[in-house]
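A short write-up of the structure that comes next.
Only heavy atoms go into these numbers, but all of them, side chains included; no hydrogens, no water, no symmetry mates.
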Amino acid sequence: MIAKVIVDISNSEVDKIFDYLIPSNFELSVGDRVLVPFGSRSIEGFCIKITDYSDGNFTLKPIIKKLDEKPLIKKEMLELADFMREKFYLRFVDVLRLFIPSKLRGNKVKALQREYCTLAGDIESLKSLISPRAKSQLAIIDRLKDSGEYLTVLNTEFSPSVINSLVQKGIIIKSKQEVLRKPASENDNKCADKVLLTDTQKKAIEQINSCDKRVVLLHGVTGSGKTEVYMSLIENVLQQGKTAIALVPEISLTPQIMRVFRARFGDDIAMLHSGLSDGERYDEWRRIFEGDAKIVVGARSAIFAPLENLGIIIIDEEHDSSYISESNPRFRTLEVAEFRAHYNNCKVILGSATPSVESYNNARLNRIGLAEMNKRISINGMPEIQIIDMAKELHTGNFSVFSNELKEKLLETISNGNQAMIFINRRGYASYMQCKSCGYIAKCSDCDIALTYHKEDNMLKCHYCGKKFKPLDICPNCHSESIKQGKIGTEKVVRELQTLLGDNVKILRMDNDTTATKTAYLDILGAFRRGEAQVLVGTQMIVKGHDFPNVTLVGVLDADMSLYFSDYRSCERTYQLITQVSGRAGRKDKCGQVIIQTYSPKHYLFNFVKNYDYKGFFEKELNTRQVTNFPPFTTIIRVLVTNEVEEKSLNCTKKIYDNLKELKLEYDREFVYMQAMKSPINKIQNKYRYQIVLRIKRTFETEIVGKIYKIVDNNKQGNSVFVEINPQNMS
């Protein structure tokens, strides 16, 4: 018998199937991980097919050994791999690696085992072997009479020498037992009270269950109870003996949803995301693989959880860009979810208070189903939104980052014993350092980007590659000492707030800098939930999904920061961010208020935000995109070329562009736009970046994209070249 094997090397030159003989002394199955001879070394691989014949005329080498008791890659995932290779033009091994924990490859992680102590027989007969004066030994026997205990625990309660004495006498037996590494989460309730669904929630569930579409958009305003709808839908599929996946966009949201889900479903849940330790991820993955967990909660990577008999896939905050992987391997989570839903004959639920324009347009055109929840569960309804013109604040002599209105409301909120959240989508202390005399701006040596000043570390940091530099005291260009700082970030906001509110008010900050440690998310969110702090300042991490009952005030600083980016999605993203963070206020029995600070108060977007008019915003945005030929009316394709040598990157881009011009002649009516250029950020991590941006009509999209992939494949010339479909970040 012949095994068709993909070797575990991420290189296009060896991204093909190799044939190996299956030795007669062991059984092999499709999906098994194997060790095979490859050149002069032995390397891991994946068996993807077993046949009676070989495609070549070579002398075949036998497989060295099978690495696991069971096949790690199930039939569904092998079919998914074929789909992803064709759809996203990926290397086979890069897809297969998504399906198992990375440290499982090379056996770099194993089950954790600890010594466990139990009694060797009947308690009374064992006690008869011990002198009545050996009080400690008798106490240990009493300690173990009902059940065993881990040796490490016993050693903290009793002398190790006394325990060893009992082991030597044969009274205690030591054995190895596996210990599952459980990911940390917020304090779990043992059980949750049965929640009575509102009429709106019942109607949404009814619409979802009766819908004949594979994908259903659940459009519910913030605080409308979407999570309870998710849990009711999951409860239904569990009763049918099926399983469920629930995805959230931010790792910071995973512990919160785990807390709520565990209260309802107990230990049937597993968690998967990149923030887990290697051991935790391995143990959680095995629980899923063995069928011990029926529900998987996690970020984007959890879509590959090895669950069988899926009954539902939920993608919460479906509009979030984190569901699209923009590093190798590139893929779109929704399309993977649709494949798995089709394979398992189940539904995909897309939940959001601010759906993407593409999703809502698909629902409007009846391509996907739609269920809507337009009212909050809270009797107080949506929080009142106030738009503050910061230009007027300057004219009245207020040069603070906070408007007079926000200052007043902050003080009032704290004095009333409530909490506030302040959102600014910029971390650090200042966005740049610049010489006032000559205009010099401190930039990263490896990236074409301004360095951000972090006052706590007194360092300039690159937010792309992580390099650190000393802050500017003297301009290296003209030697002037006149240095100014750029726009403020979360770090400076906290300092200004502390000055305003006083040292007695506890303020927490949540951004990439404060959540670097493993449990930082839990520590910050847990402390705020328990009321240990009165104000939470943060970036996008605090925007989505969080439910804090005592938050009555939300302040949005620099609300127009992302409004004028050179990206066709800038208005949509700004609307989503502001609406989502506004939804954190007044979620329970307290009224909420939102203060939005902007220098562009007359921009049409803020009127839609103030009135919670998503449909009005959608119609306006859709009309703009139709007129300007942007998605969903066209497809954007970016070919990104990178190389450490700028000339090589440029020459490769020119070569691909020349070939694409020929393709454009073939499909001239389908091409709306095509242009080659430097990337907006021309250098990242010492690699020069050039790009070709195309916009094509959707008539022959699949056909044209396939030909673009082939053109790129034939012209890489040693460069890294990626094709991105509707990229989320054009910089």
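Remark: Arg300 does not engage Glu250 in a salt bridge, criterion side-chain N to carboxylate O under 4.0 Å. Using a cut-off of 4.0 Å between Lys/Arg side-chain N and Asp/Glu carboxylate O, Glu317 and Lys544 are scored as not salt-bridged. Here Lys487 does not pair with Asp558 in a salt bridge; the nearest charged N to carboxylate O distance is not below 4.0 Å. Checked for salt-bridge contact, Asp511 and Arg509 meet the test: a charged N lies under 4.0 Å from a carboxylate O. Between Glu646 and Lys687, no side-chain nitrogen of the basic residue sits less than 4.0 Å from a carboxylate oxygen of the acidic one, so the salt-bridge criterion is not met.
Geometrically, Lys620 engages Tyr604 in a cation-pi contact, judged by NZ or CZ lying under 6.0 Å from the ring centre and within 45° of the ring axis. Under a cutoff of 6.0 Å and an axis angle of 45°, Arg330 and Phe722 form a cation-pi pair. A cation-pi arrangement is found for Arg695 relative to Tyr673, the charged atom lying closer than 6.0 Å to the ring centre and inside a 45° cone about the ring normal.
The aromatic rings of Phe548 and His546 lie parallel to each other, their planes meeting at an angle below 30°, with 60° marking the opposite boundary. In this pair, Tyr429 and Tyr453 present their aromatic rings perpendicular. The plane angle is above 60°, beyond the 30 to 60° band.
In this structure, Lys468 places its NZ atom where only 12 or fewer heavy-atom neighbours from other residues, nucleotides or ligands lie under 6.0 Å away. The local environment of CD in Glu647 is sparse, with at most 12 non-hydrogen atoms from other residues, nucleotides or ligands closer than 6.0 Å. For Lys590, the NZ atom sits in a packed shell: over 12 heavy atoms of surrounding residues, nucleotides or ligands are nearer than 6.0 Å.
Between Ile696 and Val672, every side-chain heavy-atom pair lies at or beyond the 4.5 Å cut-off.
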**OP:** Kindly indicate, with the supporting measurements, whether the criterion ring pair (Phe, Tyr, Trp, His ring centres under 6.0 Å) is fulfilled by His454 and His463.
**Re:** CA-CA 11 Å; His454 291 251; His463 287 176; 5.2 Å; yes

